[in-house]
Structures are given as structure tokens and as C-alpha cells.
There are 2 protein chains.
Amino acid sequence: MSVAGIVAGRAGETPREGRRGRRRRDTLAEILAISLDVMGEEGVGGLSLAEVARRMGIKPPSLYKHFASKDAVYDALFALGARAHHDAVAAAVEGMAPGLERLETGFEASIDWCIGNPVLTQLLFWRPVPGFVPSAEAYAPTAESIALLHEGLEECVAAGALREQVLGEEGIALFTSFVSGIVTQQLANEPGAGLASGRFTRHRKAAFASFVAHYAAGSAP
Amino acid sequence: MSVAGIVAGRAGETPREGRRGRRRRDTLAEILAISLDVMGEEGVGGLSLAEVARRMGIKPPSLYKHFASKDAVYDALFALGARAHHDAVAAAVEGMAPGLERLETGFEASIDWCIGNPVLTQLLFWRPVPGFVPSAEAYAPTAESIALLHEGLEECVAAGALREQVLGEEGIALFTSFVSGIVTQQLANEPGAGLASGRFTRHRKAAFASFVAHYAAGSAP
DNA sequence: GTCTATACTCTGATAGAC
DNA sequence: GTCTATCAGAGTATAGAC
């Protein structure tokens, strides 16, 4: 799902289209979508509400009818991103039979979403905004993601595919670190590349294989 | 080595110490050290030369006698960080016998340095500063680090400890991604923790073991 | 919900005296 | 190398009319 698709149905809209001559859309969603545009161009920490207002064809004070502060915009984007990421992974593994294949599908879906949503990924995983700390509500979907992952690991253990050790803190830490590492390296060093062509994402299957090799039932502890 | 140690011998100096009453030190190094302080407090992208000048007890224009622009400060810090990181890893493996143990020592040293220098790590690995692109000179030590890593992998292959496949792009990508992933997760989610206590760095040996398990000679391709 | 007007603070950077 | 003075601009946020 694209950035625009996450926020609202903004696909096909030209950036400089005037506010008046446009079909009525949810202003709140538009603020978030344009904020993402600005963050993509100026850096995640470079969001300026004045610039957002400029692009919307309104004056900065008008934005404060929708968001109490700049951090409130960040928080809304954090919540939205965490939710979208979780939903993307959950949707990808939905209906699959338990086992390593399902686990790998989730692994891939997570990386896929991050590469497709680099701005939100940076906000979620890198915390590049000085004073901003996400609210508990915004952070909530992350716990769901961890639970989903733990469930997937449990299935693999139950099926005899992975050792029990993977269910501890270590397994979760390694799995998320591997995702984070591939995504971070890719976005930092080769931002424009796609999932298949990226110098790092290209080897995501090898990364997953490493994880499995370490925890495979029958391998050394 | 501490941040202060990297830049110059500033250990034990109190932050508010006046400029006049202090033993003469290299102003250039002091600018960089205080810049790191500010970045640590305000975020990497939140560096303000005015704030640096304030803490040094001088006026902002004076800084421009040493650095042509704010990006020049970032670039100097990038160069310094890349060099320090490389040197830390090189020093750790210096004199060790070739093999997996040497490789793991480098792996650990890299993570160790990053956790000990979170601000420089963010600058080097996350690119959180909007317009800033490091110069070729600043970036140079990174190539040395890659060469050192490649050398270490070659030794392991020669010794029969790892499969030849590790020498391709994939091996380098995975190794650096694993380091980056553990460090990123640790710094983003539990910034204050140390190497041994961190929820993610605590499992760095398991991450290395995963890498080895995947490429171990005799394991499945 | 939008506007005008405004208050306030901060920034990076330059010119030129000393 | 330091200063004063200054530019030229950005930003967040609020008050209050409409």
C-alpha cells in the first residue's frame, strides 16, 4: 500500500492543485498526507507546518483547528504508520498454514512495507525527531505486531521446525533486529532502490535463512 | 573510546566552564565536541551553531572562522566518526589469528563502538540530517572497514570455516545488516542501556551465531 | 474553519572594526 | 580570531474578527 493509500484516497492528485477546485476530502487526512510529502523531501525531522499550510493553500493558523501542535501531527503519523505496518504483515500471513513459510511471509511483508513507506519507517524505527515521544495509543499496534510474531514462532516450535529457545526474548530480538538491519541499511545507503533490486533487501531470504539456521531443531544450541 | 576521547582530551571538563579560564585547547576540536553534546541533547538533526557558540562563550560569527557552514561541521563529524569506528574495529582484531573468533571480535567491536557513540552512529548509519550528504573524504574510512571485513571473511573461507558464498555481496550485506539491526533496535528502543544489559545488544552473540550457522562449511547452501 | 494580525524566538550567515 | 551589528528569513503558536 502506498503512502497516499494509507492516509486516504489521494492517488492521482496533482500536488499544486488548488484547494477550492478540489472535491471535498477529509482535511485531516490531507494534512497528514502532505506532511508525509514534506518529510520525504526535507527529512523526517524537517517537517514544517507552515510548509504544509502553504501546499494546501491555507494559512498556518488554520492547521491548529485540526492538530494542537506539531508533535500531534507526528503522533498521528506514528499511530497510522504502526497500524498500517501491522495490518500489512497480518494481511500477508492471513489464512496461511502455520510453519516456517508463514513466518517468512511475515518477515518479507514487514521489509516490503518498510521499503514502500520509508518516511513512516524512519519515524517508527529511527526516532529522528528531537523532542517527540510517541503516545501510548500510537505505540499500541507495535505490541500487536510482537504478539503476532510470537504466535508465529510458537507455531514453528509446535511443528518441530524451530527449537524452543526461539520463544525467549532472544528470538524476538533477533527477528526484529534482522528486519530492522536490512531495512536500515537499505534506506540509509540506497534509498531509491526497490525490494528486489536493493543491495540489502535483495538478500532478505538469506537473512531469514540465517535466523532459521540458528534455531533449526537439531542444530547446535 | 568515549565521544570526548575521540575528539580530544576533554575528559573531566565541566560543561559550563568558561572559555577564558581554561587551558588552551584546540578550538576546532572543541567545536566538534560541543556539537556532539548538543546533538546528543537536541537530536542529531537539531544541531545549532548558535547554541554551540553559546556554550563556548563566544559569538556565532566566530565559529565561521573554523567551519565554512553547518554542513561542514557535520562533515567533519562524519569523517571523524567513520575513522574512529574503523580504528576501533581494526584495533580490536589487531594481532589476532585468522578465523571465526577474529571475525566475531570485529563484530562485537563494531557494536560496542556504536553503543558507546550513539550520536556519531546515528549520523553515520541513519542519515538523519535533511540536506547533508557526506563528502567522499569523510566517507573514505567506510571503504576500509568493508575491506577489513572482506579480508576477515576470506580468512574464514581459507580456513574452511565458512562457505565461499560468504565472499559475495550477500555476505557483506548480511554481516553489516546484522550489526546495523542490533544497534538500530537498541538505540531506538532502549537508548540508555549498555552493551551487556541492552535488550538487543545482549543477544549479539546469537546474531553472530546465526550468521555463522548460515554460512558454516557443510551446512545447506 | 478560515482569515488577518501579531508576538515571539530562533536560525544561518555576512560585513567590517579591532 | 574575536567582536558588534545586521541581514534575511524561518518557524510555532495565539487572539480575535468573520
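If you're wondering where the values come from, they're calculated on a predicted model, not measured in any experiment. All chains are named by letter (A, B, ...) in the order of the sequence lines, taking the proteins before the strands, and each is independently numbered beginning at 1.
In this structure, the CD1 atom of Ile58(A) is 17 Å from the C1' atom of dC18(D), given to the nearest Å. Atom NZ in Lys70(A) sits roughly 15 Å away from atom P in dA10(D) (whole-Å rounding). Taking atom CZ of residue Arg54(B) and atom P of nucleotide dC10(C), one finds them 7 Å apart after rounding to whole Å. At whole-Å resolution of the value, CG in Asp26(B) and C1' in dG1(D) are 13 Å apart. Distance, Ile31(A) CD1 to dT2(C) P: 8 Å, rounded to whole Å. In this structure, the CE atom of Met56(B) is 11 Å from the P atom of dG1(D), given to the nearest Å. The separation between Leu47(B) atom CG and dA13(C) atom C1' is 15 Å, rounded to whole Å.
Checked against dT2(C), dG12(C), dT12(D), the side chain of Leu49(B) finds its nearest nucleotide in dG12(C). When the nucleotides dG12(C), dT2(C), dG11(D) are ranked by their closest atom to the side chain of His66(A), dT2(C) comes out on top. Of all nucleotides listed (dT2(D), dC3(D), dT11(C)), dC3(D) comes nearest to the side chain of Lys59(B). With distances taken from any side-chain atom of Pro61(B) to the nucleotides dT12(D), dG1(D), dA5(D), the minimum falls on dA5(D). Checking dT11(C), dA13(D), dG11(D) against every side-chain atom of Ser69(A), the shortest atom distance belongs to dA13(D). Side chain of Tyr64(B), nearest nucleotide from dG12(C), dG11(D), dG1(C): dG12(C).
Residue Leu63(B) is out of contact with every strand shown, counting any heavy-atom pair closer than 4.0 Å.
For Phe208(B) and Phe178(B), the ring centers are positioned 6.0 Å apart or more.
Each of Lys65(A) and Ser48(A) lies near DNA chain D, and the nucleotide nearest Ser48(A) is the one positioned closer to the 5' end.
A salt bridge is absent between Glu170(A) and Arg202(B); no separation between the charged side-chain nitrogens and carboxylate oxygens falls under 4.0 Å.
Of all heavy-atom pairs between Ala109(A) and Ala92(A), the closest is CB-CB, 3.5 Å.
A donor-acceptor distance shorter than 3.5 angstrom exists from the side chain of Arg204(B) to the backbone of Thr201(B), with no hydrogens or angles considered. Between the side chain of Thr121(A) and the backbone N or O of Asn117(A) there is at least one donor-acceptor pair closer than 3.5 Å.
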